[in-house]
Structures are given as structure tokens and as C-alpha cells.
Protein chains: 2
Amino acid sequence: MPVKDCKTEQHIKETARRIFLKEGKMLATTQEIADAAGVNRTLLHYYFRSRDMLFNVVFTEALTKLRERLHEVIGSQLGFRQKVEKLLDVFFEDLTELPYLETFITLQLNQEPHKYEEMFVHLPGGKERIRNFLKEIHHEMEKGTIPVMKPINYMMNIFALIAYPYVAKPVFKNMFDLSDTAYNKLLLDRKEMILSLLFN
Amino acid sequence: MPVKDCKTEQHIKETARRIFLKEGKMLATTQEIADAAGVNRTLLHYYFRSRDMLFNVVFTEALTKLRERLHEVIGSQLGFRQKVEKLLDVFFEDLTELPYLETFITLQLNQEPHKYEEMFVHLPGGKERIRNFLKEIHHEMEKGTIPVMKPINYMMNIFALIAYPYVAKPVFKNMFDLSDTAYNKLLLDRKEMILSLLFN
DNA sequence: TTTTTGTTTAACAAAATTGTCAAACAAAAT
DNA sequence: ATTTTGTTTGACAATTTTGTTAAACAAAAA
């Protein structure tokens, strides 16, 4: 096979992503991942050198993808309300696909901050797009279409209201005695409610 | 020392709590904890049998304490608004003390759900207190003092708005380019803003 | 004083996990 | 057909981490 086929590599990576970010098994061993992927454990090392690097690739890819999607939205030419709606949609999709990404970001960015700092910095035009969005928020406040507060707080609220119910899913499910399907149904309803909170 | 002195035991437990829940070092080894506590590693086993049990004791205690405090508030005789304010205060205090508790709850309750289910169930009058609070919320909506939505969503919002900025601290700090002190200052401001969102 | 009780320690054993290697292998290129 | 290239495997080594044990120890009780 002189042609790099990268089928196995992809497969391992996807399996790892599923186990780490979808099922939340942060402590999964190379053996578990190899078994789940149905390949020899040595292949993980062949393709990714170490468990650490495999984790890093998976994590970084997911994080980058989410960030790109979010930045694309806030940098788009949509009107403000459409932008916020789209932001909620993107989050909703992403959290449905990878419920544990948020949690891992928290832990990882704390464990090895230096490792990821540059990654954030190197996103082209990232900081500026965020500054512009904050300005837009400020402008909407002056127009009176949204509640007045520090723009950063407004932006945090968007994230908090959509993301937290995913992060805290096990707690809320238990607290309110809800089945998995009942909880998911509840999550679907939240978008409209959130919009009504975010806009006057 | 025929009298059980439990000073060392306490000390180990507190050190473990600091490392696990305050510093977010989920993967800390028994050696690291022993070193941080300045004791011989064998003592962890002497007092707690295994790393797992030590973690479990620390985690369960913190979780129980938080739950008790929250239940005490929602079950209290305070008026509705005072109750919500107090709820925000409790969360604020707890998250300041143990910023990673939330994150760990998420991961733990997912990893070994059965282990913690009974714990939740066995909280005396827990479910009922929550049901009553939800009724209270519903009543406030009828009175028109708060925005109308599913009461469960209202309760989720309370938690989300106060807790998420702690959970996602590393992300937001980076996103908005804030120092640690600047971020903490921001968090302090949120209470009033949150109240204005939660009430009409 | 010596016995008893509970604590602390160092040395050791066991387990779990990661990482390496050389050899077997398959398929395309020569 | 043979070589080359990249893939896969099993056996093995290294490391890290946890858990156990027996002996040393200190202080109160007998």
C-alpha cells in the first residue's frame, strides 16, 4: 500500500472523538480506544505517536471547528437578531454532537494553559471579530432592542443559557426526575425562551 | 496515641479537596496529594483505603454540602425574590470556593451514575422541596413578577447564568483577553444583571 | 515499666498503562 | 518477479501508579 490510505487513521480518530468528547470518558486508555475501533493498539502509536498526541489532535480539531463556526457567525453580514439566532443554532448542534466538549475545554485549558494559548491567538482576526460583535451589542442596547448591560455579560449570557443545560445535564435530569428523552425535548424548547430573554 | 486524632485524616482530605475541586486537577496521583499534604503516601491508604475512596469522600462531601445549602434556601420561608437572591449568593460563594465542583459533577455523574443516584434520592424531602419551588415559580409567573416560561427552564436559567461563567472561565478569559482579576471583577457585577433578567 | 493502641514509615509487590521493536504482511511500482 | 512502500501485528520493555506489609514509633493506659 504505497499510497497513504489514512482510512485507519481517520477511523481511530473518530473513535477517539466519540469516546472522549461524546461519551465523556476522559480517562479512556489506549486499549479501550483500540478495542472500540477494532484495531491493534499499536496502531494508535503508529499514527499518533502517543495517547497524549491522539487526545490533543481530537481535542484541538473539535475546538478549532467550533471556534471557526462561531466566528463565522459573529463575523457574518447577518442582522443582529439573526446572528444571535444562528449562534444559538450552532451551539445547539455542536453540543448535541459533542456534549462533553465544553467540559473538556474547561479542564484542559486549566491543566495546560500555555499549550492552547497560542492556538487562540493564531486564529486570524479572531480578537477583532469579537471586539466588533461587542460593539454591535452595544449599539443594539443604544437602539433599545436588547437589555442594557456590559456587552461582555450579554455575550456570556448567550453562551450560558444555551450551553449550561448540556454541561449540567446529569444534575438537572436527576433534580427534575426526567428521562433522557424528556430532557432532550426540554432542551429543544429553550431556543425561543432564550431569545425572548435576550431581546426586549 | 490511643485516641484517634483524625488531624492527619482531615488534613489529607482538605488537601485532596483543594487539589481536586479547587485546582481542577482531576488526574492528581496519590503521590502528588501526599506531597502537597506533606505526609507519607501510605497514609492516604491507611485512612482512605484507596485513591478512589479518597476521591469519593471528598467529592461526595462537597456535593452534599452544596445540595444541602441550596435545599435550605429553596425550602426556606423567604419571599420569592429574596429566595432567588440567596440562591445566587450560595452559588456564588460555592463556585468561588470550589470552581471545579460543577465540572466534576458532570463528569462523575456520567461515569458512574448508579453510584450517586441513591445519594440524590436519599436527601430527605428533596424532590418535594423542588416541586414546591417550581410551583412557587409558576405562581410568580401568574402574578406577572417574572417572565413566563416553563418553570423548569426558569430554574435552569438561574443556575446557568450564575454558574456558567465559572465553568467556562478559561474560555471567556481568553476570548475577551481578561486578566484573572479583571475576570473576577466581572463576575461580581453579574448578580444585579442576572436579577434584572430574572424579574420583570 | 510494660502493654496496648493507634500512627507513621520504608521497602516491596502488583497492576495497569504506555511505548518500542522487529518481523510479517499487502499492494502498488519497478 | 522483485522491490519498494506503507500497514499491521505480537512480543516485549519501561514506566507510572496503586496497593500491601511488616516493622518502627509515640503516647496514653495498665
Side-chain angles (χ1 to χ4, degrees), chain A residues 1-61 100 104 107-108 110-112 115-116, chain B residues 1-61 100 103-104 107-108 110-112 115:
Chain A
M1 294 163 177
V3 183
K4 285 201 177 205
D5 90 3
C6 76
K7 234 173 54 194
T8 310
E9 185 173 354
Q10 276 297 329
H11 178 61
I12 292 172
K13 204 197 288 177
E14 275 160 32
T15 305
R17 190 178 62 213
R18 193 189 80 218
I19 292 177
F20 286 138
L21 304 181
K22 205 163 176 156
E23 297 172 10
K25 302 199 173 151
M26 179 175 209
L27 303 176
T29 63
T30 52
Q31 191 60 248
E32 289 179 71
I33 297 166
D35 288 350
V39 302
N40 189 297
R41 189 175 62 83
T42 314
L43 286 179
L44 302 204
H45 291 100
Y46 177 68
Y47 285 112
F48 301 95
R49 262 203 114 71
S50 71
R51 181 198 183 277
D52 222 55
M53 288 189 188
L54 171 58
F55 179 87
N56 209 54
V57 166
V58 167
F59 179 69
T60 304
E61 272 190 20
Y100 285 91
F104 276 62
L107 286 171
Q108 273 310 106
N110 176 261
Q111 239 93 94
E112 334 186 56
K115 203 169 178 180
Y116 301 98
Chain B
M1 295 164 177
V3 183
K4 285 200 175 203
D5 89 2
C6 77
K7 235 174 54 195
T8 310
E9 185 173 353
Q10 276 296 330
H11 178 60
I12 292 173
K13 203 197 289 178
E14 275 160 32
T15 305
R17 190 178 61 213
R18 194 190 78 218
I19 292 177
F20 287 136
L21 303 181
K22 206 164 175 155
E23 297 171 9
K25 303 200 171 148
M26 178 175 209
L27 304 175
T29 63
T30 52
Q31 191 59 247
E32 289 179 71
I33 297 166
D35 288 350
V39 303
N40 188 296
R41 189 175 62 83
T42 314
L43 285 180
L44 303 204
H45 291 99
Y46 178 68
Y47 286 112
F48 301 95
R49 262 200 114 71
S50 72
R51 181 197 182 279
D52 222 55
M53 288 189 186
L54 170 59
F55 178 86
N56 209 56
V57 165
V58 168
F59 179 69
T60 303
E61 272 190 17
Y100 285 91
T103 304
F104 276 62
L107 286 171
Q108 273 309 107
N110 176 260
Q111 240 94 93
E112 335 186 55
K115 204 169 176 178

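Residue numbering restarts at 1 for every chain, and letters A, B, ... go by the order of the sequence lines.
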Pairing partner (Watson-Crick or G-U wobble, both distances under 3.5 angstrom) of C:dT30: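 Looking at the geometry, C:dT30 pairs with D:dA1.
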
OP1 or OP2 of [N] versus the side-chain N and O atoms of [X]: is any pair under 4.0 Å?
X       : N      : value
A:Thr30 : C:dT18 : yes
A:Thr8  : D:dT8  : yes
B:Tyr47 : C:dT8  : yes

Looking at every strand, decide which applies to B:Thr42 at a 4.0 Å heavy-atom threshold: base, sugar-phosphate, or nothing.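 Base contact - B:Thr42 has a heavy atom under 4.0 Å of at least one base atom.
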
Separation of [X] atom [atom1] from [N] atom [atom2], in whole Å?
X       : N      : atom1 : atom2 : value
B:His45 : C:dA10 : NE2   : P     : 16 Å
A:Gln31 : C:dT17 : CD    : P     : 9 Å
A:Phe48 : C:dT18 : CZ    : C1'   : 16 Å
A:Leu43 : C:dT20 : CG    : C1'   : 14 Å
B:Ile33 : D:dT17 : CD1   : C1'   : 12 Å
B:Phe55 : D:dT18 : CZ    : P     : 13 Å
A:Met53 : C:dT20 : CE    : C1'   : 15 Å
B:Leu44 : D:dG19 : CG    : P     : 10 Å

Measuring from the side chain of [X] (C-beta onward, heavy atoms only), which nucleotide among [options] has the closest atom?
X       : options                : answer
B:Asn40 : C:dT9, D:dT8, C:dT7    : C:dT9
B:Thr29 : C:dT17, D:dT17, D:dG19 : D:dT17
B:Tyr46 : D:dA11, C:dT7, C:dA10  : C:dT7

No-hydrogen, no-angle side-chain donor-acceptor test under 3.5 Å, B:Thr42 and B:Asn40: yes

Closest heavy-atom pair and its distance - B:Ile33, B:Thr15: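 Closest approach of B:Ile33 to B:Thr15, heavy atoms only: O-CG2, 3.9 Å.
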
Look only at the side chain of B:Glu9 and the backbone of B:Phe48, and say whether a donor-acceptor pair between them is shorter than 3.5 Å. no

Less than 3.5 Å between a donor and an acceptor, one on the side chain of A:Arg41 and one on the base of D:dG10, is that the case here? no

Could you walk me through whether B:Leu107 and A:Tyr100 pass the side chain to side chain contact (heavy atoms under 4.5 Å, CB included) test, one step at a time? CA-CA 8 Å; B:Leu107 286 171; A:Tyr100 285 91; 4.1 Å; yes

For residues B:Phe20 and B:Phe59, establish whether the separation of their ring centroids is below 6.0 Å. no

